[in-house]
Enquirer: 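Let me give you the structure first, and then I'll get to my questions.
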Amino acid sequence: MVDLILSYRTLTKLNSTYLEALPKQIDLHTKRLHTSYHQAVTATGRLSSSNPNLQNIPIRSELGARIRGAFIAGKDRVIIAADYSQIELRIMAHISQDANLLNAFKNDQDVHSATASTMFQVAIDEVTKEQRRRAKAINFGLIYGMSAFGLAKQIDVSRTEAKEYIDAYFENYPGVAQYMEDTRESAKIQGYVETVMGRRLYLPQINAKNKMLQQHALRTAINAPMQGSSADIIKKAMLDVHDWIGSNNDDIKMIMQVHDELVFEVKADRVDEFAHKIQDLMENAYLLDIPLKVDVGTGSSWQEAH
DNA sequence: CTCAATAGCGCG
DNA sequence: AAAGCGCGCTATTGAG
């Protein structure tokens with residue numbers, strides 16, 4: 001019964017939010033969907049997208065991916081999708097200057113496997129799938145300021161075990177532990193946190209007596225520099241790409257931004273040339289102490305380009 | 001019929 | 001009592 005309900009929810013969600021809604025919003029003249037991007041909505045500096053929201057088009061499930069497959073290039077055109085690889089964790093390495101994490105990225109390692117290798121004391125090529133899954137949950141959890149309770153719930157282990165994982169992580173990544181402490185402390189004193197480019201997020205609740213509000217502010221303090229710096233960097237990349245394209249190039253259009261990804265529609269016979277240039281511009285949009293890595297894909301649909 | 005609040009869920 | 005950051009959209013419910 002439970003499985004049937006969950007399956008029903010998935011199907012009705014995809015049907016009502018995408019399959020039924022999107023075709024109604026196709027512009028009569030251009031015959032395309034046009035979203036609105038908003039530059040002054042989010043607390044962290046990301047863009048938001050509405051009417052329709054093109055930043056939440058499905059991809060994670062097989063069925064969802066088929067919906068993304070409906071976003072197709074025009075005649076003689078190809079879609080290029082270019083996304084930053086692990087950009088928030090790279091920013092965490094850069095800001096915290098943790099030697100171990102910097103090293104993982106300098107050597108272009110799979111960061112979740114590298115984390116698992118360190119935490120579970122096994123060689124990186126002997127990390128099991130389950131170990132990698134748990135390390136990945138920790139890496140993401142760190143970015144969000146997650147507690148042992150949250151991690152336990154996420155990976156379905158006891159709270160005690162989750163705490164052991166977190167302790168093991170911080171023992172091996174002391175720079176990250178220090179960064180977390182320092183960030184919380186300076187947020188309390190200054191009342192704000194900031195991105196690599198110096199953009200601030202004020203946190204008026206950071207010293208609130210109400211512990212629930214304060215703890216939320218503390219988690220925001222941890223997350224905002226990483227999510228916000230990522231937003232800064234991709235915005236800089238968009239400006240660089242825009243300048244490179246110039247005002248008179250019908251062979252390439254930047255058509256979407258999805259937080260760590262840029263999507264282009266380009267003339268088919270120039271796709272390789274453009275793909276390389278986009279990758280170069282995005283990877284060099286901002287200099288960190290470790291390389292920025294961009295994965296580029298191409299195809300006749302947005303789905304294929306991933 | 002509109003409006004607002006809530007639950008739930010799609011994405012990074 | 002809550003427990004993981006940031007969004008926007010659909011369906012439902014209740015009020016006017």
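Quick caveat, the model's predicted, so the values are computed rather than measured. Just so it is clear: chains get the letters A, B, ... in the order the sequence lines come, proteins before strands, and each one is counted from 1.
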Enquirer: Roughly how far, to the nearest 0.5 Å, is the CD1 atom of A/Ile95 from the OG1 atom of A/Thr195?
Expert: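 Separation between the atoms: 8.0 Å.
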Enquirer: Starting the side chain at C-beta, find the nucleotide from B/dG12, B/dG10, C/dA11 nearest to A/Ser16.
Expert: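 So the nucleotide nearest the side chain must be C/dA11.
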Enquirer: Looking at A/Glu130 and A/Arg134, is there a salt bridge between them, counting it only when a charged N and a carboxylate O are closer than 4.0 Å?
Expert: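 So A/Arg134 pairs with A/Glu130 through a salt bridge.
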Enquirer: Determine the interplanar angle of the A/His306 and A/Trp302 rings, folded into 0 to 90°, and report it as parallel if under 30°, tilted if 30 to 60°, perpendicular if over 60°.
Expert: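 Taking A/Trp302 first and then A/His306, their aromatic rings sit tilted (interplane angle of 30° to 60°).
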Enquirer: Mind checking the P distance from B/dA7 to C/dA3? Whole angstroms is fine.
Expert: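 Straight-line distance between the two P atoms is 13 Å.
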Enquirer: Any donor-acceptor pair, under 3.5 Å, between the side chain of A/Arg9 and the base of B/dG10, if you only look at N and O atoms?
Expert: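 Check fails, no donor-acceptor contact within cut-off.
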Enquirer: NA contact type, A/Tyr18, heavy-atom cut-off 4.0 Å: base, sugar-phosphate, or nothing?
Expert: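 Sugar-phosphate, backbone atoms only, no base.
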Enquirer: Report yes if at least one side-chain N or O of A/Arg46 is closer than 4.0 Å to OP1 or OP2 of B/dG12; otherwise report no.
Expert: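 Answer no for this pair, as no side-chain N or O of A/Arg46 is under 4.0 Å from OP1 or OP2.
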Enquirer: With P as the reference atom in both, quote the distance from B/dG8 to C/dA2 in angstrom, rounded to an integer.
Expert: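 Pairwise P distance, B/dG8 against C/dA2, rounds to 15 Å.
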Enquirer: Is it true that A/Glu88 and A/Arg46 make a salt bridge, defined as a side-chain N closer than 4.0 Å to a carboxylate O?
Expert: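 A/Arg46 and A/Glu88: salt-bridged.
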Enquirer: With sugar-phosphate meaning primed atoms plus P, OP1 and OP2, does A/Thr12 contact a base, only sugar-phosphate, or nothing at under 4.0 Å between heavy atoms?
Expert: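 If one applies the 4.0 Å heavy-atom cut-off, A/Thr12 turns out to touch nothing in the nucleic acid.
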Enquirer: Between A/Asn210 and C/dA1, is there a contact of a side-chain N or O with OP1 or OP2 at under 4.0 Å?
Expert: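 No, because none of the side-chain N or O atoms of A/Asn210 sits under 4.0 Å from OP1 or OP2 of C/dA1.
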Enquirer: Under a 3.5 Å cut-off for both contacts, is C/dC7 paired Watson-Crick or G-U wobble with anything, and if yes, with which nucleotide?
Expert: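 C/dC7 is paired, partner B/dG10.
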Enquirer: Is the distance from OP1 or OP2 of C/dC5 to the nearest side-chain N or O of A/His216 less than 4.0 Å?
Expert: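 Checking A/His216 against C/dC5: at least one side-chain N or O falls below 4.0 Å of OP1 or OP2.
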Enquirer: Of all the choices, B/dC11, C/dC9, C/dT10, which nucleotide is nearest to the side chain of A/Asn51 once you look at every atom?
Expert: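 My answer, after comparing the listed nucleotides, is C/dC9.
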Enquirer: Rounded to whole angstrom units, what separation is found between the CD1 atom of A/Ile222 and the C1' atom of C/dC5?
Expert: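 After rounding, the gap between these two atoms is 11 Å.
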Enquirer: Closest approach to the side chain of A/Thr10, judged atom by atom: which nucleotide of C/dA3, B/dG10, C/dA2 is it?
Expert: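 Between C/dA3, B/dG10, C/dA2, the one nearest the side chain of A/Thr10 would be B/dG10.
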Enquirer: Which of the following nucleotides, C/dG8, B/dG10, C/dA3, is nearest to the side chain of A/Ser147?
Expert: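 The listed nucleotide nearest to A/Ser147's side chain is C/dA3.
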Enquirer: Can you tell me if A/Thr44 and A/Gln227 form a side-chain donor-acceptor pair at under 3.5 Å?
Expert: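 Yes, a side-chain donor-acceptor pair sits under 3.5 Å.
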Enquirer: Is the shortest side-chain N to carboxylate O distance from A/Lys163 to A/Asp167 below 4.0 Å?
Expert: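 Answer for the salt bridge query: yes.
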Enquirer: Is the distance from OP1 or OP2 of C/dG8 to the nearest side-chain N or O of A/Ser48 less than 4.0 Å?
Expert: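 Result: yes.
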Enquirer: Using only modelled atom types and a 3.5 angstrom limit, is any donor from either the side chain of A/Asn53 or the base of C/dG8 paired with an acceptor on the other?
Expert: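 No, no donor-acceptor pair under 3.5 Å.
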Enquirer: May I ask you to say what A/Ala231 touches in the nucleic acid, namely base, sugar-phosphate or nothing, with a heavy-atom cut-off under 4.0 Å?
Expert: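 A/Ala231: no heavy atom of the nucleic acid under 4.0 Å.
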Enquirer: Taking only N and O in the side chain of A/Arg60, is any of them less than 4.0 Å away from OP1 or OP2 of B/dG12?
Expert: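 Result: yes.
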Enquirer: Which part of the nucleic acid, if any, lies within contact of A/Ala148, taking any heavy atom under 4.0 Å across all strands shown: a base, the sugar-phosphate backbone alone, or nothing?
Expert: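 It contacts nothing in the nucleic acid.
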Enquirer: Taking donor-acceptor contacts at under 3.5 Å, does the side chain of A/Gln55 reach the base of C/dC7?
Expert: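 By the distance-only test, no, there is no pair.
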Enquirer: Heavy-atom nearest nucleotide on DNA chain C for A/Phe149 versus A/His259: which residue maps closer to 5'?
Expert: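 Nearest nucleotide further toward 5': that of A/Phe149.
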